[in-house]
Each structure stands twice: as C-alpha cells, then as structure tokens.
**Student:** 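I'd like to ask some things about the structure below.
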Amino acid sequence: MPFVVTCRPAPPEPSADCADQACQETTISDALWLIPAFPLAGTLINLLLGQRLPRIVVSIVGVGTVAAAFVVAGVVALSATVPLTAGQTETLRQELFPWIVAGNLDTSVALLLDPLSTVMVLVVSGVGLLIHLYSVGYMAHDPGYPRFFTYLNLFTFSMLLLVMADNFLVMFVGWELVGVCSFLLIGYWFDRPAAASAGKKAFITNRVGDFAFMVGLFLIFTTFGSFDFATVLDHPERVVDEGGELITAITLLLFIGATGKSAQVPLYVWLPDAMEGPTPVSALIHAATMVTAGVYMVVRASALYALAPFSLTVVAIIGALTALFAATIALTQTDIKRVLAYSTVSQLGYMFLAAGVGAFGAAIFHLMTHAFFKALLFLGAGSVIHALHEEQDMRRMGGLLRYLPVTGVTMIVAWLAIIGFPGLAGFWSKDLILARTFEGGHLWLWLVGVVTAGLTAFYMSRLIFLTFFGSRRAENGGGAAPHESPLVMLFALVALALLAVVGGLVGIPGTDGTAFERYLQPVLGGHGPEHGDVPFHLSELALAIIAVVVAVGGVVVAGAIYLRQLPSAEFVGQLLAPLYRLSLNKYWIDELYEATLAHPGARIAAFLASFDLAVVDGAVNGTGRLLRGSAVALRIAQAGYVRAYAVAFLLGVIAILAVWVFR
C-alpha cells in the first residue's frame, strides 16, 4: 500500500514574479501551518486577555480564528488536493522545525495535507466552526464565557494538529492534547459533582488506551527506525512479514488506543457521561473531534493493518459488537443527550466495522456524514434543552414541533439521515459500509449491521416522537411556553441540516466505486474488501433495499408504541421486563467496573499511600531524626569550655593507662 509524500524544498523568500506551477505549489504548502495556528492564536488571546475583553470580542476571536482556519484549509484543498480523479491529487508537506534529534531518532514537527487529512481538516474546522457559532448563543449568559472559548479553540487546534501530523510522534501530541481538552470541557462546570466526575472518568479511561498506543509507537520505532509516515507506511511489507506476530502486535496495540479515543468496547464507558459538559462540547466531541481520532488513526495506518488480517478481524468484530451493544442500550434511555451519546458509540462501531473489513474509504465517508447529522442532533437537543430551561428528560417533553419549528424540522432531517432515509447523507455512507461488508463475505457481521440499523431507526424515532410529537407532558405544562433559540444558534442548525441532506452525494456508487473512495485512493491504495465466498450475491441496490425496509420497520414499530400506544410503552416494558431492566441499567457495566477496578484500585492506592507514609517517609524521616540526635550529642561535647576539654583529655589518659596496666 503506497504512501507517497511530495516534498518540495521551499526557498527562504519566494520571488514576487513566481508564476510557474511548481513555485505556486511550494507557496501553497508554506501556508499549511496557518490552519492549526489560527485556533491556537484564539486560545492564547482569550486565555491571556479574555477576562478583560468584551464578550463580543471574545466571540469574534473564538469564532473568527476557526473560520480563518476553515478558509485557509478550503483554499489549500481547492488548489492542491481536491481533484477527484484518482492519482491527480497533490500531497503537501511542510516542516516547521526540528524537534528531537538523539541517536537514531531524528524527527521534526511537520504538517501533511493529503486527501485523507484534507477530509478530516475540513470536517474538523467546518463543523467546528458551526459549533463555535452556536456556542455564542448557547453560552451567552455563562460567567466563564472566555474560558469556554479558550478550551474550545484549544480543542480545535489539538484535533487539527492530530490529523495534519506528518509522523506518529506529532500525532501522539495531538492525541494527548485532545484528551486533556476533553477533561477540561466535560468538566467545564466543575462545581457540579457529576460533571467533575465525568471529566475524570474520560481522562482516566483514555489513559488505558493511550498506554497501549504508546507501546505500539515504541514497537513502530524499533521496527522501522522512524516515526515518519512516509517511512513506516510506504511498503511496510519490506520490513515486516504479513500476518506475523510483530505487525499483529503493533496493530492491536494501536487499536487498543483507538478503542479508548473512539469509545469502543470495552473502553466506551466515558463517552455517555461526556454529556455532562455543555451541549456544544458534546457536539464537538461526538461529531468532529475526539471520538473520530481513533477511526482516523486506524485508517491512516491502513498500510499496516493490511498486513495484519487477524487485527482486521478483531477491529471488525469489536466494531460490530459495539454498534449492536450500544444500540440496545439507547433503546430505553430517557435523557435526550444520553440517547444521542449511545448512538454515537454505535455509529463509531459502524466505522470500525468498515475499517475491519478493509473498507477504509467507507469508514472515513461515514465519519464525515456522521459529523454532519450527529452535530445537528446534539445542537438540536441543546436548543430543546435551552427552550425547556435545562430539562433533558424526554418523558417531560412532547408536542414541541409547533413551539420550535426550526429546531424540530432540522432535527427531523438529522433523524432521517441517521436512520438511512434514501438520498440523505447517512443512507449513502451506512449502506456503503453494509455493502462492502457483504461483498467481503462477512455475512454475520453484515447481519449485525442490518439489525443495528433497525434498532437505530427505532430508538431515534422514539426520541423524535417523544420530543416533538403528541402533546406536552403534564410535568411541564404549567410553565412558560417553550421558545425558539436565537438566530445564531438556528443558523448553525440549518447549515448542518443542509449538509446532512447533500453531504452524502459524493458517495453515490458507480461502476468503479464511489467518487469519495476514488478521492482517497492515492492514500489508501488499491486495498479494499475482497469479494468473499458468499453463498449468494446481491447488488448494492438490493442490499440498500433490505436496509431501508429494516429501518422502516423500526420507524413503524416506534410510531405504533409512542404515537398510537398500540401497544403502550409501559406494556412492552412489563412484557420484556428482564430485557428492559438490562438495557435501562446499561448492562450494569459501570457497576461492574466500579466493583472490579475502581474500588480495588482505590484500596490499593490507600495501601500504597499508607506504605509511603509509614515506610518510605518513615525511613527518610527516621534517618533525619537519627542525624539530629547525633548532632545534639556532639554539640554537648563541643561546648567550647577549656576546663571541659581538659577533663575529657585527663579521663582519656587515665583510660589508656588503665588498659596498659591491667592488660
């Protein structure tokens, strides 16, 4: 799987009359640093001056710097990396400065923009820009307004650094920074115990995956002698044996890191609790930044995974299991943001399923479309919560479509997109994953994906029906009528709704794959899912029809229960009581981790703390006390009195004579 980097040495100062093509491309590559630099500048300005600046200036800095990054990324992409004909895209690289030069390690801070990183940069900066804009209205009355935009800009910078990194070491810096930012933003309201606990939970859970990721990087360096993508990913089969233990260990360790960042079984538990942060944070984490990092990393390292069939099987199975597992939990949750959180875990499972069957392009395609409709769903949920004065329980909503028409219509668009309504973004990306899985001969995994699609249609329909249809519940009926959100928030919703409608058109299947897959081909090479030994063959149209029929079934069942009460939700809950309790309590996984990991860990930590105080500190302090006591005794003997010294001398002489006489 080739990984080709076009690196052109840039002169110190390009001449003013530089008009030839090569010189223009060099000038374009010199602008790469501006993309992450703008959000970093916004971070520093609001960090140092935010408390002294008017809120309008904080908003302009916070939103404007991300907008500038998006514009620069768009200009560079249009100039060099966007042509959709395979093989005609440009790969740009800019080395900023040397970083670590020690022994065999020689690495620089360098940025890379190729078709894969272009997609990621545009998604991160574009969707991130709309979330920043939405935050201006949502956080308008928050006392920590400058701090919020400082964290938000830092999050954007960290993710841009991660996806633009030219080597694994710089990627790891961005990888760790997004973890820090998630801790800061999930626990933004640190005076709330639930938010503070959720921030710590996210940070600690990710440390588990990050440790494995770091060990994987060590193995990469000892194997290839470099962290650079060009060295590691360009024909790695020359260094490692296909299917060998070494490449399997490297890819599995990297994937463990991905399970932490992208919330896969068993390290998914932090993501549902991430909703304790402000809603724009939930949208940014779940749609455009942190959770997509693991998927991106696996796809970026696809040249390594192509040599590790066992690892690919593990990735596919974990992805399918996560997709189904999270969907079953989302069926019964009552908090609107928690339903969306488990939906994110499930959709990320789809992406890893695609990567595991070798459909790396389909994984990134679903990552992109998911960013559109999932950001819209979270921001729409935030608009509902804003209108209901922080109410998040769907059982206390209902009938909101007539009060919140823009929010309602845009969320309905996102609902249709995520369930795979024909023509919308989610239809093209989800069905591409299912088609590639089926074509690869993975019938059981395909079946899991189809069942998950039906469950997704059910629980997302349940969310929409309980929130926007029917009548308002008695619990909130006596309060003030809900009102639509400010225009700045609605603008973001409408823009994302448009993307959820048209964003999947680049993935329309053709005779030689989709335009999106062809665009990524220079990075991903010709590897893809091979047609396996399946007992029967279906066209992509037939597969799409099956998925649509299953999704329609989920919608119909949800409508019968939650709109027509035929049967009622209470009756179904009683009929399936054991399964209902299992789903409602999230399989008691959190309690299991608490009992087997958290509590024993706390006891071990308490013992080590006591051991440190009693033994380690005791030994050190005891040595100090011994020396102090010795000094006190010696100080008495060194009083400075001549008569005392004479007596001591006389006693010494007498002692010596006594020994000599009586020996």
Side-chain angles (χ1 to χ4, degrees), residues 319-320 322-333 339-340 342-351 353-354 359 362 365-367 369-370 372-374 376-377 380 409-438 442-469 497 500-505 507-509 538-564 566 569 572 583:
T322 302
L324 179 62
F325 179 75
T328 60
I329 296 177
L331 294 173
T332 58
Q333 302 306 303
V339 173
L340 296 178
Y342 280 105
S343 170
T344 299
V345 177
S346 181
Q347 296 300 309
L348 289 166
Y350 268 118
M351 299 174 205
L353 170 61
F365 184 35
H366 195 57
L367 183 155
T369 61
H370 176 263
F372 301 152
F373 55 72
K374 185 52 59 69
L376 175 54
L377 285 168
V409 170
T410 54
M411 282 195 72
I412 288 172
V413 170
W415 161 56
L416 294 175
I418 194 174
I419 69 173
F421 186 84
L424 273 66
F427 168 77
W428 300 112
S429 59
K430 182 198 67 179
D431 281 14
L432 182 62
I433 292 174
L434 295 176
R436 295 291 182 260
T437 303
F438 187 87
H442 308 282
L443 292 183
W444 284 108
L445 296 179
W446 172 80
L447 183 61
V448 170
V450 171
V451 172
T452 302
L455 296 178
T456 301
F458 176 84
Y459 69 71
M460 288 305 305
S461 301
R462 171 178 176 264
L463 182 150
I464 294 296
F465 296 156
L466 286 177
T467 303
F468 293 104
F469 294 92
V501 172
V502 304
L505 297 181
I508 297 177
L538 296 174
S539 66
E540 291 189 3
L541 177 60
L543 293 172
I545 291 174
I546 293 174
V548 170
V549 169
V550 171
V552 169
V555 175
V556 170
V557 173
I561 295 175
Y562 295 101
L563 293 181
R564 306 295 297 177
L566 299 172
V572 175
S583 172

**Student:** How long is the span from the CD1 atom in I419 to the CE atom in M460, to the nearest 0.5 Å?
**Tutor:** 8.5 Å
**Student:** With rounding to the nearest 0.5 angstrom, report the CD1 to OG1 distance, I329 to T332.
**Tutor:** 8.0 Å
**Student:** Please determine which of V556, V549, V555 meets the side-chain contact (heavy atoms from CB on, under 4.5 Å) test together with V552.
**Tutor:**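 Result for side-chain contact (heavy atoms from CB on, under 4.5 Å) with V552: V556.
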**Student:** What heavy-atom pair brings A330 and Y342 nearest, and what distance separates the two atoms?
**Tutor:**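 In this case the closest contact between A330 and Y342 is CB-CB, 3.9 Å.
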**Student:** Taking all heavy atoms of G503 and all of F372, pick out the closest pair and write down the distance.
**Tutor:** CA-CE1, 4.0 Å
**Student:** Which heavy atom of G349 sits nearest a heavy atom of T322, and at what distance?
**Tutor:** CA-CB, 4.4 Å
**Student:** Given the rule in the side-chain contact (heavy atoms from CB on, under 4.5 Å) test, do V339 and Y459 qualify, once you have shown the distances and angles that lead to the verdict?
**Tutor:** CA-CA 8 Å; V339 173; Y459 69 71; 4.0 Å; yes
**Student:** When rounded to the nearest 0.5 angstrom, what is the spacing between CD1 in I561 and CZ in R462?
**Tutor:** 9.5 Å
**Student:** Can you tell me how far the CG atom of L377 sits from the CD1 atom of I412, to the nearest 0.5 Å?
**Tutor:** 11.5 Å
**Student:** Return the minimal non-hydrogen interatomic distance between T452 and A327, and the atom names on each side.
**Tutor:** CG2-CB, 4.1 Å
**Student:** Rounded to the nearest 0.5 Å, what separates atom CG in L324 from atom OG1 in T456?
**Tutor:** 9.5 Å
**Student:** Is it true that a side-chain atom of Q333 and a backbone atom of S583 form a donor plus acceptor pair closer than 3.5 Å?
**Tutor:**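 Here the side-chain-to-backbone pair exists.
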**Student:** Does the pair F438 and L443 meet the rule for a side-chain contact (heavy atoms from CB on, under 4.5 Å), with working shown?
**Tutor:** CA-CA 6 Å; F438 187 87; L443 292 183; 3.3 Å; yes
**Student:** For a quick test of your reading: what N or O donor-acceptor pairs under 3.5 Å do the side chains of residues 421-429 make, sequence neighbours left out?
**Tutor:**
| residue | atom | partner | partner atom | Å |
| --- | --- | --- | --- | --- |
| W428 | NE1 | G423 | O | 3.2 |
| S429 | OG | H366 | ND1 | 2.8 |
| S429 | OG | T369 | OG1 | 2.7 |
| S429 | OG | A425 | O | 3.4 |

**Student:** How close do Y350 and A453 get, heavy atom to heavy atom, and via which atoms?
**Tutor:** OH-N, 3.1 Å
**Student:** Could you go through T467 and W415, starting from their C-alpha distance and side-chain angles, then the distance that decides it, and tell me whether this counts as side-chain contact (heavy atoms from CB on, under 4.5 Å)?
**Tutor:** CA-CA 12 Å; T467 303; W415 161 56; over 6 Å; no
**Student:** Determine the minimum heavy-atom distance between A500 and V413, stating which atoms define it.
**Tutor:**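 Closest heavy-atom pair between A500 and V413: CB-CG1, 4.3 Å.
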**Student:** Could you grab the distance from atom OG1 of T437 to atom CG of L447, nearest 0.5 Å is fine?
**Tutor:** 11.5 Å
**Student:** Just so I know, are the side chains of H370 and T344 near enough to count as touching, which here means a heavy-atom distance under 4.5 Å?
**Tutor:** yes
